[in-house]
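Below you'll find the structure, written out as structure tokens, and then a few comments.
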Amino acid sequence: MTCQYLSIPALVCLASWGLVLADAGSAFAGQMQLNGGDPAVASSPTATASRIAERPLLDGDVIGDPAWQGATPVEGFTQEQPDLGAPASERTEVRLVFTADTLYVGVVCYDRDPSGIIVSDSRRDAPLEDTDSFRLIFDTYRDRQNGFVFGTNPAGIEYDGQVTNEGQGGGGLAGAQMQQSGSGSGFNLNWDGAWEVRAKITEIGWTAEFAIPFRTLRFPSGTDQVWGVNFQRNIRRRNERAYWAPIPQQFSLYRLSLAGALSGIQTPSIRNLKVTPYVLGNILTSGNRPVESVTLGDVGGDVKYSLTSSLTLDATVNTDFAQVEVDDQQVNLDRFNLFFPEKRPFFLENAGFFSVGNPGEVDLFFSRRIGIGPGGEEVPILAGGRVSGKAGQFNIGLLNMQTDDFSEQLASTNFSVVRISRDLPNRSQVGGLFVNRQGVGNLAPDDDRNGTYAVDGKWGIGQSTVLSSFLAQTDTPGVSADEYAFNVRSRTNLEQIDIELGYQEVADQFNPEVGFLSRRGYRKPDARVMTRFRPKDFLRLQEIRPHVTYRGFWGFDDFQETGYSHIDSHWQFRNAYEVHTGMNLTLEGVRTPFEIYPGIFVPPGTYDNAEAQIVLMTNQGAPFSLNLQTFAGGFFNGKRVTLNPTVRARFGETLTTEVSYQRNDVSLPTGDFVTNLVRTRVSYSFTPRTFVQGLVQYNDRADLWSMNFRLGWLQAANTGLFVVYTDTRGLYDLVERPQRTDRSFIVKYSYMFDVLR
């Protein structure tokens with residue numbers, strides 16, 4: 001069977017391919033260790049939580065605390081790597097108890113060699129892959145799609161996040177512009193709940209105690225409940241990952257359809273009202289020199305109220321994001337928009353409920369359009385509100401935000417978003433989205449509005465295949481045609497092969513002004529095939545992942561604007577080293593000249609090139625590690641050599657440093673140039689909740705350097721004291737002509753009042 005791109009029959013063709021792959025997946029699934037969907041769920045392990053009268057003393061001591069003695073320990077972890085299906089090399093015990101208002105989890109991670117325990121970081125939400133760690137996930141609605149993740153390491157860090165759609169983002173192969181954690185669907189690392197954890201290393205290994213208030217979670221109404229649950233333990237020195245409910249190698253902890261069951265939970269009637277006011281002082285110096293400093297003060301706050309045990313109202317007044325780290329700078333050597341992820345806390349909670357589209361390429365709702373101007377200016381947000389959560393089988397997200405006039409140039413604007421979806425059996429879902437932007441006030445021109453409408457859905461077939469699609473339309477005054485976009489795709493993910501096929505169209509006039517588009521006016525087929533092999537005894541390899549990726553963009557006049565073929569293999573060794581060896585075949589069709597570097601233009605034409613790609617990663621859990629990415633080959637009928645080394649060093653679990661350098665050495669028929677981007681991060685943690693962080697960046701392509709220093713003294717849910725210094729200036733400020741200063745020194749304090757506690 002062959003498919004023709006650039007035509008509506010391609011949609012039917014892709015759907016038929018999806019059904020063929022689904023049949024193949026169903027046939028092959030019988031060979032999997034865990035297969036099929038419902039049978040796997042039916043055979044999943046079970047655990048029971050016990051009610052206790054006296055709460056544990058939260059000090060990390062599980063074995064010596066009598067509050068844990070009556071709980072039945074959960075055991076029997078199974079390796080996912082290095083030896084799939086084998087019992088975990090070390091014993092792990094998990095106990096679950098609860099009081100009237102809090103769920104407690106006690107973890108004992110036995111280790112015959114406690115001196116070999118690796119602790120790489122003590123920052124809140126620091127990565128848990130490169131350290132000994134423990135994670136758990138609760139599927140409180142038992143919908144097998146969405147959940148809450150909590151984790152820690154032997155230093156006792158607080159790590160939490162929200163999972164939607166089993167951790168899967170939107171459909172599409174968007175290349176390098178992929179979303180980071182905390183942006184949109186999949187896994188939202190930047191969700192910060194109010195909970196506590198303590199951990200300690202002992203002569204038997206390490207132990208941890210979690211205290212998670214029921215009010216931090218969302219769950220259905222009713223007293224007696226059964227939740228989905230799974231646990232993951234990492235033993236870093238052995239590169240070992242083990243789960244309580246076994247997970248095949250192609251999935252992760254987020255695969256909630258394979259989670260176990262937690263019974264015995266008796267939830268309280270939720271009455272939750274949290275008020276978080278803030279006060280802020282800012283000394284600001286900005287503008288062409290000479291310029292005077294201005295001292296500013298501000299107050300505002302957020303309110304969180306539980307409408308039901310499943311629906312939450314969040315309100316904000318005079319919203320401020322002073323504590324948020326600045327964006328990582330990027331070098332743009334193409335003619336399309338760069339993607340910068342959302343980092344602001346208010347927009348990150350339940351962000352997956354609002355995500356529709358293809359992240360980093362076609363985001364139908366992109367919250368960075370609210371409160372950030374087209375030039376990166378911070379636009380004041382007067383107030384806003386959000387209702388999010390579940391009502392029965394429906395996922396609900398309602399958002400309304402109001403910004404103020406800015407600098408006599410940007411009009412006050414109202415933003416509204418309505419997102420409703422319904423869960424269906426076997427990881428399936430159908431939903432709709434409405435986004436509206438309306439200019440208001442004296443600065444707004446007539447008919448200053450824009451709307452986006454969309455429907456989307458996915459259909460799970462067995463445990464291995466998902467078909468998904470979205471269809472969107474925009475409404476822009478003065479435009480009457482070609483305002484649509486759609487995407488259809490299928491993915492079949494088995495133990496040894498992962499196949500993804502997709503087709504996307506974005507019309508010339510498609511204009512989601514509260515979304516993100518990397519480009520418009522194209523048809524795009526894409527495909528990816530990845531295979532996985534785990535040799536028993538070959539060069540000490542843990543896993544080999546050969547794969548091929550293709551995506552192509554054609555204009556509606558059949559002119560090919562981009563072609564990208566990636567042929568690669570990942571070689572993962574048992575000592576946690578990894579090597580990627582690949583080749584990229586690229587085609588760029590340039591319609592109009594564009595300035596790739598000041599004074600250097602790429603003329604119209606079609607450029608067909610090839611480049612080699614090599615990546616080397618040493619053990620990222622070691623005190624000193626290296627990640628080196630290199631590209632060398634053709635580039636717009638010239639040559640490019642890209643070196644991107646990242647060196648990380650840590651001293652214990654308190655001091656971590658990272659230096660990243662990206663150098664592009666480009667030689668084109670129209671001229672030669674070199675770009676340099678240096679990024680240095682330093683973090684010191686006095687305790688898991690008290691830290692100082694520094695970020696210094698130098699970008700000669702953008703002609704600027706910047707620094708951002710933050711001192712944080714955290715309390716519950718990422719509130720507390722923040723001291724932030726930011727300085728950004730053009731490169732000419734470093735020599736003889738200091739002409740402009742953009743500098744601020746901010747002190748902000750926020751405190752969460754749990755009114756009904």
How far apart are the C-alpha atoms of Glu166 and Ser257, what are their side-chain angles, what is the distance that settles it, and do they pass the side chain to side chain donor-acceptor pair (under 3.5 Å) test?
CA-CA 8 Å; Glu166 291 193 302; Ser257 54; 2.8 Å; yes
Using ring-ring contact (aromatic ring centres under 6.0 Å, His included), reason through Phe347 and Phe365 one step at a time and then give a plain yes or no.
CA-CA 11 Å; Phe347 294 108; Phe365 169 61; 7.7 Å; no
Check whether Asn332 reaches the backbone of Phe336 with its side chain - one donor and one acceptor, N or O, closer than 3.5 Å.
yes
side-chain contact (heavy atoms from CB on, under 4.5 Å) involving Arg369 - partner list, sequence neighbours excluded
Phe366, Val514, Phe516
Can you name the residues that form a side-chain contact (heavy atoms from CB on, under 4.5 Å) with Val466, not counting sequence neighbours?
Arg427, Lys458
Sequence neighbours left out, cut at 3.5 Å: what donor-acceptor pairs do the side chains of residues 595-607 make with other protein atoms?
| from | atom 1 | to | atom 2 | distance (Å) |
| --- | --- | --- | --- | --- |
| Glu595 | OE2 | Gly599 | N | 2.8 |
| Tyr607 | OH | Pro603 | O | 2.5 |

Distance-only, no hydrogens or angles: does the Gln620 side chain make a donor-acceptor pair with backbone N or O of Thr618 under 3.5 Å?
yes
With sequence neighbours left out, what residues match Asp498 under side-chain hydrogen bond (donor to acceptor under 3.5 Å, both in side chains)?
Arg491, Arg528
Val579 and His570, any side-chain heavy atoms less than 4.5 Å apart:
no
Applying side-chain contact (heavy atoms from CB on, under 4.5 Å), can you list everything that pairs with Leu541, at least two apart in sequence or on another chain?
Pro535, Phe538, Leu539, Ile544, Trp571, Phe573
Using a 4.5 Å cut-off on heavy atoms from C-beta on, say whether the side chain of Asn239 contacts that of Pro82.
no
Could you work out, with salt bridge (charged side-chain N to carboxylate O under 4.0 Å, His left out) as the rule, every residue matching Glu588, not counting sequence neighbours?
Arg335
In sequence, state the C-alpha distance, the side-chain angles, and the governing distance for Tyr661 and Asn676, and then conclude on side chain to side chain donor-acceptor pair (under 3.5 Å).
CA-CA 7 Å; Tyr661 173 52; Asn676 296 279; 2.5 Å; yes
Could you give the distance from CD (Glu495) to CD1 (Ile497), rounded to the nearest 0.5 Å?
13.0 Å
Arg344: partners by side-chain hydrogen bond (donor to acceptor under 3.5 Å, both in side chains), with sequence neighbours left out:
Glu342
Are Phe556 and Asp508 packed together at the side-chain level, in the sense that at least one heavy-atom pair is separated by less than 4.5 angstrom?
yes
Main-chain N/O of Tyr564 paired to Thr586 side chain as donor or acceptor, under 3.5 Å:
no
Hey, would you say the Phe510 and Phe486 ring centroids sit under 6.0 Å apart?
no
Main-chain N/O of Val326 paired with Lys343 side-chain donor or acceptor, under 3.5 Å
yes
CZ on Phe635 to CG on Asn609, rounded to 0.5 Å:
9.0 Å
Rounded to the nearest 0.5 angstrom, the CG-CG distance for Leu517 and Asp363 is 8.5 Å
Asn699 (side chain) donor-acceptor with Val678 (main chain) under 3.5 angstrom:
no
Before you tell me yes or no, could you show the steps for Gln509 and Arg520 under side chain to side chain donor-acceptor pair (under 3.5 Å), namely the whole-Å CA-CA distance, both residues' side-chain angles and the distance that decides it to 0.1 Å?
CA-CA 8 Å; Gln509 301 299 322; Arg520 59 165 56 92; over 6 Å; no
Spacing of CZ belonging to Arg663 relative to OG1 belonging to Thr675, to within rounding of 0.5 Å:
8.5 Å
Quick check against the 3.5 Å criterion: does Ser133 have a side-chain atom that pairs as donor or acceptor with the backbone of Leu128?
yes
For Ile461 against Leu467, the heavy-atom pair lying closest together
CD1-CD1, 4.1 Å
Where the side chain of Gln330 meets the backbone of Phe339, is there a donor-acceptor pair that is under 3.5 Å apart?
yes
Value rounded to 0.5 Å, distance of CG in Leu424 from CD in Gln145
8.5 Å
Would you please name every residue forming a side-chain hydrogen bond (donor to acceptor under 3.5 Å, both in side chains) with Tyr254, sequence neighbours left out?
none
Where at least one partner belongs to residues 598-612, residue pairs that pass salt bridge (Lys or Arg N to Asp or Glu O under 4.0 Å), sequence neighbours excluded
Glu611-Arg640
With distance as the sole test, does Glu80 use its side chain to make a donor-acceptor pair with the main-chain N or O of Glu240 at under 3.5 Å?
no
For Thr476, does its backbone N or O pair with a side-chain atom of Glu483 as donor and acceptor, under 3.5 Å?
yes
Once salt bridge (Lys or Arg N to Asp or Glu O under 4.0 Å) is applied, what residue pairs with a partner in residues 628-638 remain, sequence neighbours excluded?
none
Sorted by chain and residue number, the side-chain hydrogen bond (donor to acceptor under 3.5 Å, both in side chains) partners of Ser421 (sequence neighbours excluded) come out as Asn395
Report yes or no: does Arg648 contribute a side-chain atom to a donor-acceptor pair with the main-chain N or O of Val659 at less than 3.5 Å?
no
Quick one: CZ on Phe559 to CD on Glu561, what's the gap to the nearest 0.5 Å?
7.0 Å
What heavy-atom pair brings Trp459 and Ser428 nearest, and what distance separates the two atoms?
CA-OG, 3.4 Å
Please walk me through it: do Gln250 and Arg532 pass side chain to side chain donor-acceptor pair (under 3.5 Å)?
CA-CA 9 Å; Gln250 71 269 32; Arg532 310 178 185 92; 5.1 Å; no
Residues Gln463 and Arg255: side-chain donor-acceptor under 3.5 angstrom
yes
Do Lys524 and Asp526 have side chains that approach each other closer than 4.5 Å (heavy atoms only, starting at C-beta)?
yes
For Asn619, enumerate each residue passing the side-chain contact (heavy atoms from CB on, under 4.5 Å) test, keeping only those at least two apart in sequence or located in another chain.
Arg236, Ala576, Tyr577, Ala622
